[in-house]
Every structure is written in C-alpha cells, then in structure tokens.
Amino acid sequence: MMSRDLSEEEGVGKVPLLFLSRLSLTDFRIYDQLELEPSPGLNLVAGPNAQGKTSLIEALALVSTGRLLRGSKDVQAIRHGCETASVEGILGQSLTRLTVELRRGTRKRALLNGMGLPRPSDLLGRLPSVSFSATDLEIVSGEPQDRRQFLDWEIAQLSPAYLRHLTVYKRALEQRNALLRQAQDTPVSASVFEPWESQLSDHGGALRETRTAWIDELSRDAAEAHARLGGGEELCLQYDIRDEGDVRSSRAIDIQRGSTSVGPHRDDLVIRVAGQEARYFASQGQQRTAVIALKLAVLAAAERHFKQSPVLLLDDVFSDLDRSRRSQLMELTLGRGGQVFLTCTEADQVGFELIESSTIFQVESGRVSRR
Amino acid sequence: MQFARPLSELIAQLERLPGIGPKSAQRLAFHVLRMPVDDVRRLAESLTRARESLRLCSTCQNVSEGETCEVCSDPRRDDSVICVVSEPRDIAAMERIHEYKGRYHVLHGLLSPMDGIGPEHLKVRELLERLRNDVAEVIVATNPTVEGDTTALYLARLIKPLGVKVTRLAHGMPVGGELDYADTATLLSALEYRREL
C-alpha cells in the first residue's frame with residue numbers, strides 16, 4: 001500500500017516504488033546457490049577483495065538491464081563446470097519476477113514472471129539502475145567505441161525507441177559493409193545499395209539526434225557534480241559528429257575501404273576537463289572524477305525520467321578517492337531515497353551513521369551472511 | 001555402436017535433413033524399421049513424387065504441380081493485386097485467412113548481402129515482368145525484420161516509378177496479446193502505425 005504522503009516524503013525513510021526485494025543466483029560466477037533479501041534502502045556488501053562482491057553487483061545489473069557490466073562476457077559469468085547460470089530478481093510491491101538465464105553455446109534468455117521475452121533488452125525499464133564500477137574509467141580514458149557504448153547503454157535504458165533504431169542501424173551497417181566488400185570484386189548497382197543506405201540514414205539520423213539531446217541534458221549536471229567533486233576545474237561534454245556527410249556520397253571511398261566511413265558508428269563523445277581533452281591530458285585521478293561526475297549526471301537524468309531514484313549499483317567506488325571526495329560522493333548518491341547497493345572492503349568506510357541505517361551483507365569466499 | 005549397413009546408411013541420409021540431429025535420425029530410422037512395408041513404400045514414393053513432379057509456377061514462382069499453380073489458374077481471383085511473399089509457406093499462411101482474393105508472387109528469400117543474396121538471387125525480374133499487365137497494387141508481405149523491411153524498400157523503389165501502388169503489411173500488436181508482455185519493438189511500431197477510430 002503506497003499512500004500519497006509516503007511517496008512525497010523526502011530523503012531517508014521513503015520507500016521507493018521500484019526496488020529489488022529478493023535476489024537469487026544459481027551457478028553465477030563463484031556462487032552455486034544464493035538467496036538475498038535486500039532492504040529497500042542502503043545495502044552494504046562488505047568483504048575482502050576477490051571474494052565475490054562485484055559478482056553480486058553484476059547479477060543486479062543483469063536482471064535490471066539484461067546485460068553484465070562493461071567488459072564482461074556472458075559465458076564468463078557461468079560457474080566453472082556448469083552449463084547454465086541464472087539470476088532472478090523479485091521486485092518489491094509488485095512482486096514482478098525478472099529472470100535472466102545464461103547458457104553456454106547459445107544466447108541468453110530473459111523471462112518476465114516466468115514467460116520468455118523476445119529479447120534480453122526487453123527487461124529494460126522495469127527496474128531502472130545506474131552502475132558505477134572500476135571498468136567505467138574506460139568511458140573517459142578509452143577509445144571512441146567505449147564512449148559510444150556508454151551512450152548507447154545509458155540511453156537505451158531510458159528510450160526503447162533508441163534501442164530499436166540502434167538495432168536496425170547495426171544490422172543494416174553489417175549488411176552494407178558486406179555489400180561494399182562484394183562490390184570490390186563485382187560491380188553492384190546503386191539501386192542495391194540505396195535501400196540499405198536509406199535505412200542507415202533514417203535510423204542513424206535518429207541516433208544522432210537522441211545522442212545530441214541527451215548529452216545536452218547531461219552536460220549541466222555533469223559540470224555541477226564535477227565542480228563539487230573536483231573543485232572548480234570545468235567539465236565539458238560535447239557530441240562530436242566526425243563526418244556530417246551523407247552515407248550515399250561516400251560509397252566510392254567506402255568500397256575501397258570495405259567498410260562504411262560515415263555515420264553515428266564513427267562519432268565520439270568528447271570529454272574536456274579545464275578545456276583539455278580528458279582522454280589524453282587528464283591524470284588518472286582527474287579521469288576518475290570525470291567518470292563519477294558523468295555517472296552522477298546519468299543518475300540525475302534517470303531520476304527525472306523515471307520520476308524516482310533508480311537502483312544504484314556502486315562497486316568499489318571509494319578505494320581510490322580521498323576523504324573529502326568520498327564524502328561528497330556519498331552525499332550525492334546516498335541521500336536520494338532509492339535503493340542502493342554499495343561494495344566496500346570494510347563496512348565502516350561509509351561512516352557510522354550510515355551503517356546504522358543500512359543492511360550489511362558480509363561476503364567471504366563466495367558465502368554471504370547478513371549482519 | 002555398429003549398425004547393419006542399410007540402417008547406418010538410412011541414419012546418415014536422415015541426418016542430412018535440416019533440423020534433424022544424430023539422435024532424431026536414429027529414432028526416425030528405428031521407427032521406419034518398425035513400420036509396415038507398405039507404409040514405408042508409400043513414404044518413399046511420396047518423397048520421390050514430390051521432388052519429381054513439383055516445380056515452380058511459371059507465373060508466381062510458388063511450388064506447383066503443373067505449369068501454373070492453383071491460385072494462378074483460378075479465374076475468380078483478382079489480377080490487379082499481387083501479394084509478394086518471401087517463401088512459399090507464407091502463401092499458405094495468407095490463404096488460411098480466406099480473405100485475400102488477389103494473386104501472389106514468391107521471392108524465394110530476402111536481400112541479405114551477408115549471406116551473399118542480392119536481387120539476382122530472388123524472383124524480382126519475374127515480378128517486374130508481371131507488372132506489365134494491369135496491376136494496380138503490390139502488397140509487400142515480407143517479414144518485419146531488417147532484411148524484410150529493406151527488401152520491401154528495394155521493391156518499392158523499383159515498382160513505384162511504374163505507376164503501381166506499393167503497400168506493406170502493417171506491423172503491430174498481436175491480436176489477443178497482452179500489452180505487458182509485448183516486446184518493445186512491436187509496441188513501438190504498433191504506436192507508430194496506430195490508426196484513428
């Protein structure tokens with residue numbers, strides 16, 4: 001029963017509309033069987049390194065988005081010697097059951113209340129989440145491809161239409177590239193290229209439009225969060241369209257290259273700190289601050305979009321931050337009233353006041369006990 | 001496990017069929033051994049007859065027993081509408097609804113450069129040939145996949161300049177389906193192609 005006053009209450013004590021009330025893992029990473037009953041508020045996952053904390057965060061990301069964290073492959077998450085793995089989450093209030101099954105040799109499958117969904121991505125939006133993990137540093141330090149993946153994953157959570165454009169675009173791109181390679185040996189008439197190119201320019205145009213709008217929305221929040229975390233240096237986001245040209249007009253060049261040279265699959269998100277491109281000129285500490293600011297902006301955007309705080313998955317975000325940044329980050333993330341999962345080596349890293357109001361799961365060599 | 005030669009030969013032949021793995025092939029082979037000889041003979045004959053007597057209809061390219069298929073030789077059907085499908089089995093699906101009274105055309109595939117399939121591998125030339133006669137509308141009923149949509153686009157660009165109307169089957173909510181379980185892609189196109197009541 002959600003009364004009106006309850007949902008309008010601010011801060012701690014507010015029960016979020018969407019939260020995970022139960023998480024079950026079967027043969028996922030190092031866990032053979034695991035059942036957790038998290039609280040709707042702050043959940044601390046504590047324990048020494050390499051004991052299975054990140055796996056829990058990853059399992060949460062999987063039922064929320066249908067995919068693992070950045071850089072992980074599905075098969076790698078199946079427990080050694082097992083053929084399948086599954087993660088199931090039950091939502092509080094509605095008791096909706098979200099399941100993802102991983103299987104060696106085939107594609108993963110997502111289920112809603114036990115009924116198969118056409119695609120794993122069809123889970124998106126049922127339990128919105130924003131994750132912070134160590135591999136996110138690549139968003140700033142990595143290649144353009146890493147930043148495009150960041151854009152695509154985050155926007156897809158908010159917009160199924162974007163995901164649809166992306167899926168069609170990627171497929172049409174593969175097809176056109178195959179056609180380009182074919183044209184290197186035998187001439188292919190323009191009329192055969194045109195329908196693929198028309199798909200690319202329609203869906204590609206929609207991708208660019210949405211990315212540009214989303215980055216515009218993100219930049220103010222990101223700059224603000226960055227100022228609070230980093231103290232003054234200016235963070236600036238800009239969508240960089242590498243080539244404005246039409247895909248049709250690059251056909252001759254593309255045939256020589258054997259791949260498509262223009263389109264949103266070549267664009268980049270340029271992240272500047274104090275006017276310099278962070279990828280090349282920022283120190284690792286600066287890059288880390290930029291990533292956290294970026295993610296905080298994603299969180300704010302998701303909050304506006306879903307009109308409540310998404311589930312926050314914070315994996316090992318404290319280890320490299322100094323004390324003042326750590327407390328700034330905690331203030332920005334934990335005071336929002338949504339469900340939070342946070343991993344740390346020692347529970348008292350978060351401060352004593354928070355420990356009191358949180359549920360603590362102690363993780364040690366694949367065993368989890370509630371404290 | 002060693003089988004008598006005719007048996008392992010049969011298993012090997014069955015295994016070559018699509019969707020039949022070694023286990024199924026073995027099960028089918030043993031089933032055949034238990035069948036009355038007359039039934040086996042009938043099965044063998046219908047396999048040969050089907051392969052030998054069937055060909056593609058010279059008009060619509062559907063699988064046919066004679067020079068022209070049943071639909072094409074039916075004088076009551078409307079010559080001015082042609083429904084383009086990718087596979088012969090799609091005609092059976094359309095015919096089940098008993099509503100469509102026009103003609104058909106089978107492409108035998110969809111454009112897919114990744115699989116090496118271009119227009120020259122599809123029955124496109126045969127379709128254009130048919131449009132010389134009085135055809136008012138071509139309904140493109142290819143699957144709502146990227147390849148199906150792109151093939152439809154290709155045909156539309158080819159056919160429209162000839163002054164023939166080109167339409168595409170609508171995609172949207174499955175009738176009797178539940179909104180909550182519909183995949184987002186279907187729901188999106190259902191919204192895009194909504195219509196006024």
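Atoms considered below: every heavy atom in the structure, side chains included; atoms not considered: hydrogens, waters and symmetry mates. Each chain gets a letter, A, B and so on, in the order its sequence line appears, and its residues count up from 1.
- Taken from CG in B:Asp149 to CG in A:Asp202, the straight-line distance is 11.0 Å, to the nearest 0.5 Å.
- Within a 6.0 Å sphere centred on CZ of A:Arg208, other residues, nucleotides and ligands contribute more than 12 heavy atoms.
- Without hydrogens or angle criteria, A:Gln175 side chain to B:Met114 main chain gives a donor-acceptor distance under 3.5 Å.
- Taken from CZ in A:Arg164 to CG in B:Leu187, the straight-line distance is 12.5 Å, to the nearest 0.5 Å.
- The two residues B:Leu188 and A:Pro160 come nearest to each other via the heavy atoms CD1-O, 3.5 Å.
- Listed by chain and residue number, nothing satisfies the side chain to side chain donor-acceptor pair (under 3.5 Å) test with B:Glu9 (two or more places apart in sequence, or in another chain).
- Among all heavy-atom pairs drawn from A:Gln199 and B:Val146, the shortest one is NE2-O, 3.9 Å.
- Within a 6.0 Å radius of CD in B:Glu95, more than 12 heavy atoms belonging to other residues, nucleotides or ligands are found.
- For B:Glu192, no part sits under 4.5 Å from any heavy atom of chain A, backbone or side chain.
- Within the model, atoms OG of A:Ser191 and CG of B:Leu158 stand 6.5 Å from one another, a figure rounded to the nearest 0.5 Å.
- In this structure, the portions of A:Glu174 lying under 4.5 Å from any heavy atom of chain B include both its backbone and its side chain.
- Side chains of A:Trp196 and B:Leu111 form a contact here, defined as non-hydrogen atoms less than 4.5 Å apart.
- More than 12 heavy atoms of other shown residues, nucleotides or ligands fall within 6.0 angstrom of atom CD in A:Gln184.
- The minimum heavy-atom distance between A:Pro195 and B:Tyr154, with the atom names listed, is CG-CB, 3.7 Å.
- Heavy atoms of other residues, nucleotides or ligands lying less than 6.0 angstrom from CD of B:Glu99 number 12 at most.
- Annotation: side chain to side chain donor-acceptor pair (under 3.5 Å) contacts of A:Asp246 (sequence neighbours excluded): A:Arg248.
- Within a 6.0 Å radius of CD in B:Glu65, no more than 12 heavy atoms belonging to other residues, nucleotides or ligands are found.
- What you find for A:Val192 and B:Pro119 is that their closest heavy atoms are CG2-CG, 3.6 Å.
- A 6.0 Å sphere centred on CG of B:Asp134 holds no more than 12 heavy atoms belonging to other residues, nucleotides or ligands.
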